[in-house]
2 protein chains.
Amino acid sequence: MKSDWSSSELRRRGIDAVLNEHGVNVTRQRRIIADTLFARNQHVTADQLFEAVNSTGARVSKATVYNTLGLFVRKGFVREIFIDASRTFYDSNNSRHHHFYNVDTGDLIDMKARLVPHFIDQDLPEGTAMDAVDLVIRVRNKVS
Amino acid sequence: MKSDWSSSELRRRGIDAVLNEHGVNVTRQRRIIADTLFARNQHVTADQLFEAVNSTGARVSKATVYNTLGLFVRKGFVREIFIDASRTFYDSNNSRHHHFYNVDTGDLIDMKARLVPHFIDQDLPEGTAMDAVDLVIRVRNKVS
DNA sequence: GAATATATTAGAATTAGTCTAAATATAGAT
DNA sequence: ATCTATATTTAGACTAATTCTAATATATTC
């Protein structure tokens, strides 16, 4: 079900077309959430997205933000990044890449793809298939 | 401050000695938490550990379990694994390895070290030093 | 456009984890 | 051993992220 596409492709082709193509009904709320989320590559929390969406004058409930993010994750439009128990980010760039997380500043930074390891199916536990590769390198500020 | 040692070393040398050596005062609660946690290599949640500790008749508060886990993480005795917003595991095996997480079953499985990528400092963001490499491969049950 | 299915909503509920301030225990000096 | 300072533990209140509920609204199908 998950497709490999980029947020720039989505911006180019239009949100309605892409959602339709993936069997997702287009609603006012989903459109504004997608518009906000995919405006650029970014890492946002559910709450930040809720604020961003509603700061434009639109009215979308928090439950819908959560529902829609869940839907977009299932469809592979966004990636969920679990930093710690109270920090879940949604990444509007769904291309293959990973992250550096600065524990001092809270910054979440994209990692160049060439640094991403690759795994072969044979190495996975018996009877399973790969779902996602989540790699977070935690860094701290160097004391100079 | 973080040291590289194994839980088996701790079992061999005794908890009191190792805690002392790292400047950690030994208390009744810390001893029983360490005994329970390092009895074997395992992945436990704070709550599971709280239950395990208290099921032996000992009385240790939940706050102390959290405090002690935090202390042990800072000292490098245990590793924190963030699976999702409501699943934080503590890994009593602090040797260099990573994890497979089966999203269908909830199983968290150790990954062989040879699969772990290695990174060079030069590739880290400017002015930062490596703190931890957290790699979780999410897998799902194959539909046969 | 009526019937059916899907989506949205406010607010309650849940849950993991943190905080507070009082009580207790430990360590260091005498 | 006793005193004093410091560190630790505790119950329970609190917070924040997320999920649930069940009523309402919107979309899709016939």
Side-chain angles (χ1 to χ4, degrees), chain A residues 15-17 19-37 43-54 56-75 77-78 80-90 103 106 108, chain B residues 15-17 19-37 43-54 56-75 77-78 80-90 103 106 108:
Chain A
I15 278 142
D16 287 28
L19 292 185
N20 272 319
E21 203 166 281
H22 287 83
V24 175
N25 292 337
V26 176
T27 65
R28 179 181 66 80
Q29 291 88 340
R30 286 173 183 173
R31 187 150 34 211
I32 195 169
I33 288 172
D35 279 342
T36 307
L37 189 53
H43 306 125
V44 288
T45 63
D47 201 65
Q48 285 167 349
L49 183 58
F50 170 76
E51 295 294 342
V53 158
N54 284 284
T56 68
R59 181 82 266 287
V60 179
S61 73
K62 192 159 279 195
T64 296
V65 171
Y66 274 100
N67 288 342
T68 304
L69 282 172
L71 174 66
F72 286 3
V73 167
R74 266 178 279 119
K75 291 295 177 178
F77 299 163
V78 288
E80 238 166 350
I81 308 165
F82 302 108
I83 291 299
D84 63 40
S86 67
R87 253 180 277 264
T88 300
F89 288 95
Y90 293 87
V103 297
L108 188 60
Chain B
I15 277 143
D16 287 27
L19 293 185
N20 273 320
E21 201 165 281
H22 286 84
V24 175
N25 292 335
V26 176
T27 65
R28 179 181 65 80
Q29 291 86 341
R30 286 173 183 172
R31 188 150 34 210
I32 195 169
I33 288 172
D35 279 343
T36 307
L37 188 53
H43 308 125
V44 287
T45 63
D47 201 64
Q48 286 167 349
L49 182 58
F50 170 77
E51 296 294 343
V53 159
N54 284 284
T56 68
R59 179 82 267 285
V60 179
S61 72
K62 193 160 278 194
T64 295
V65 171
Y66 275 101
N67 289 342
T68 304
L69 282 171
L71 174 67
F72 286 3
V73 167
R74 268 178 279 119
K75 292 294 178 180
F77 300 161
V78 288
E80 237 166 350
I81 308 165
F82 302 108
I83 290 299
D84 63 41
S86 68
R87 251 178 278 264
T88 299
F89 289 95
Y90 294 87
V103 299
L108 188 59

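Chain naming here is simple, since letters A, B, ... match the order of the sequence lines and numbering starts at 1 in each.
Within the model, atoms OG1 of Thr45(A) and CD1 of Ile81(A) stand 11.5 Å from one another, a figure rounded to the nearest 0.5 Å. Atom CG in Asn67(A) sits 8.5 Å away from atom CD1 in Ile33(A) (nearest 0.5 Å).
We find that CZ of Phe50(A) is positioned 16 Å from P of dT19(D), with the value rounded to whole Å. Atom CZ in Arg87(A) sits roughly 10 Å away from atom P in dA17(D) (whole-Å rounding). One interatomic measurement links the two molecules: CZ of Arg31(B) to C1' of dT8(D), which rounds to 14 Å at whole-angstrom precision. As a whole-Å value, the separation of Asn20(B) CG from dA7(D) C1' is 15 Å. Summarising the geometry, the separation between CG on Asp47(A) and P on dT19(D) is reported as 14 Å, rounded to the nearest angstrom.
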Please assess Ile15(B) against Val26(B) for the test side-chain contact (heavy atoms from CB on, under 4.5 Å), listing each intermediate value before the final yes or no. CA-CA 9 Å; Ile15(B) 277 143; Val26(B) 176; 5.8 Å; no
As a quick check of understanding, evaluate side-chain contact (heavy atoms from CB on, under 4.5 Å) for Val44(A) and Phe50(A), giving each step before the final call. CA-CA 10 Å; Val44(A) 288; Phe50(A) 170 76; over 6 Å; no
For Phe72(B) and Leu37(B), run side-chain contact (heavy atoms from CB on, under 4.5 Å): C-alpha distance rounded to whole Å, both residues' side-chain angles, the deciding distance at 0.1 Å, then the answer. CA-CA 11 Å; Phe72(B) 286 3; Leu37(B) 188 53; 4.1 Å; yes
Yes or no on side-chain contact (heavy atoms from CB on, under 4.5 Å) for Tyr90(B) and Glu80(B), after CA distance, side-chain angles and deciding distance? CA-CA 5 Å; Tyr90(B) 294 87; Glu80(B) 237 166 350; 3.2 Å; yes
Collect all protein-nucleotide pairs involving nucleotides 9-11 of chain D in which both atoms are nitrogen or oxygen and the distance is under 3.5 Å.
| residue | atom | partner | partner atom | Å |
| --- | --- | --- | --- | --- |
| dT9(D) | OP1 | Thr27(B) | OG1 | 2.5 |
| dT9(D) | O3' | Gln29(B) | NE2 | 2.6 |
| dT10(D) | OP1 | Gln29(B) | NE2 | 3.3 |
| dT10(D) | OP1 | Arg59(B) | O | 3.2 |
| dT10(D) | OP2 | Ser61(B) | N | 2.9 |
| dT10(D) | OP2 | Ser61(B) | OG | 3.1 |
| dT10(D) | OP2 | Thr64(B) | OG1 | 2.7 |
| dA11(D) | OP1 | Arg59(B) | NH1 | 2.5 |
| dA11(D) | OP2 | Arg59(B) | NH1 | 3.3 |

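Nearest heavy-atom pair across Arg28(B) and Arg59(B) is NH2-O, 3.3 Å. The two atoms that bring Asn25(B) and Arg30(B) nearest to each other are O-NH1, 3.0 Å, heavy atoms only. The heavy-atom pair separating Ala85(B) from Thr88(A) by the smallest distance is CB-OG1, 3.8 Å.
No contact: Thr45(A) has no heavy atom under 4.0 Å from any strand.
A close approach under 4.0 Å does occur between a side-chain nitrogen or oxygen of Thr88(A) and OP1 or OP2 of dT18(D).
Heavy-atom contacts of chain A under 4.0 Å fall on DNA chain C between two terminal nucleotides, which in 5' to 3' order are dT6(C) to dG17(C).
Each of Ala85(B) and Asn25(B) was matched to the nucleotide of DNA chain D holding its nearest heavy atom; the match closer to the 5' end belongs to Asn25(B).
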